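Working notes for the structure below.
Both ligands and their constituent atoms are indexed starting at 1 by order of listing. Worth saying up front: this structure is predicted, and the values here are computed from it rather than measured.
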Amino acid sequence: MIIDVHTHINNYHEDRVVSLNESLDKLSQNMKDNSIDYSLVLTSYKVNEHRPSTKQVVEAIKGYNNLGVVSGISYLHYNHRDVIEISDYLEKGFIKGLKFYPGYEPFYPNDIRFKLMYEMAIEYDVPVMFHSGDTYAPTGKIKYSHPIHIDDLAVDYPELKIVICHVGNPWIKDCMEVVYKNKNVYADISGLVLGDFSDKFERYMKKEIEEMITYAGDPKYLLYGTDWPISNMKSYLKFMDQLDLSNEKKELILWKNAAELFKIDISQL
Ligand SMILES: [Zn+2]
């Protein structure tokens with residue numbers, strides 16, 4: 001069983017417009033080719049012809065029992081109608097979490113403007129995910145996406161379940177401390193490469209992830225995710241395979257932690 005907690009159906013090659021159904025077909029095919037049982041699709045903080053809205057994605061995946069949606073939230077652009085829609089989707093179980101993009105947008109995770117969102121996440125018991133570490137775009141401001149700032153939020157909202165995306169790469173040590181210290185903080189290993197791992201980078205990341213587990217203990221907090229289509233699914237599975245971990249620990253990372261955290265009913269898959 002494998003659950004990928006971090007995929008996108010945004011079109012990152014903006015020289016041509018790709019339909020939402022075409023992107024979903026591509027995701028399904030990639031999942032099939034790599035024996036992925038379930039994926040979460042994270043929507044963007046931006047909505048345009050290349051980045052579908054949460055509403056569009058929620059509608060589009062209705063026929064799929066192996067896909068779930070995590071709703072992207074913009075710090076700069078949301079109004080009361082967006083809040084009503086999100087609360088309605090949470091109530092109906094149409095979205096499985098909220099995703100925030102500090103770094104891409106200029107805010108720290110414990111910003112007071114998100115109090116309402118965090119309270120909704122606690123009430124409906126869904127995790128909040130944070131972009132963390134490097135920004136794909138040079139226009140990002142990385143002081144905001146440093147994983148150390150997740151600690152403030154984790155302490156102020158002990159009931160909030162928080163995911164640090166990309167293990168805060170390259171600040172993996174800071175991420176491991178925040179995860180170790182706060183029982184309500186998780187981390188996903190997505191987006192560590194563009195495309196495929198090179199042998200050299202794979203060896204480097206293997207060491208980093210193994211160190212994290214040595215320090216922070218049993219990987220009850222670690223989640224498998226790829227950031228597909230940015231990272232390649234097959235290359236990611238190969239990366240997982242060469243980690244020096246027991247099968248029980250790999251199972252935690254590959255699906256058990258995610259099924260529990262996102263309440264994914266695996267008997268339906
Ligand atoms: Zn991502």
Expected list for residues 114-123: side-chain donor-acceptor pairs under 3.5 angstrom, two or more places apart:
from, atom 1, to, atom 2, distance (Å)
K115, NZ, E119, OE2, 2.8
Y118, OH, P109, O, 2.6

Listed pairs under 3.5 Å, donor-acceptor, residues 99-106 side chains, sequence neighbours left out:
from, atom 1, to, atom 2, distance (Å)
Y101, OH, T43, O, 2.7
Y104, OH, Y136, N, 2.9
E105, OE1, Y75, N, 2.6
E105, OE2, S74, OG, 2.6

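- Taking a cutoff of 4.0 Å between a charged side-chain nitrogen and a carboxylate oxygen, K234 and D196 do not qualify as a salt bridge.
- Side-chain atoms of D134 and N169 form no donor-acceptor pair, as typed in the model, at a separation below 3.5 Å.
- Applying the side chain to side chain donor-acceptor pair (under 3.5 Å) test to E210 and every residue at least two apart in sequence or in another chain returns K206.
- Take the Zn ion (ligand 1) and draw a sphere of radius 2.8 Å; the protein N/O/S atoms inside it number 3.
- Annotation: cation-pi pair K200/F197 absent, no NZ/CZ under 6.0 Å from the ring centroid and within 45° of its normal.
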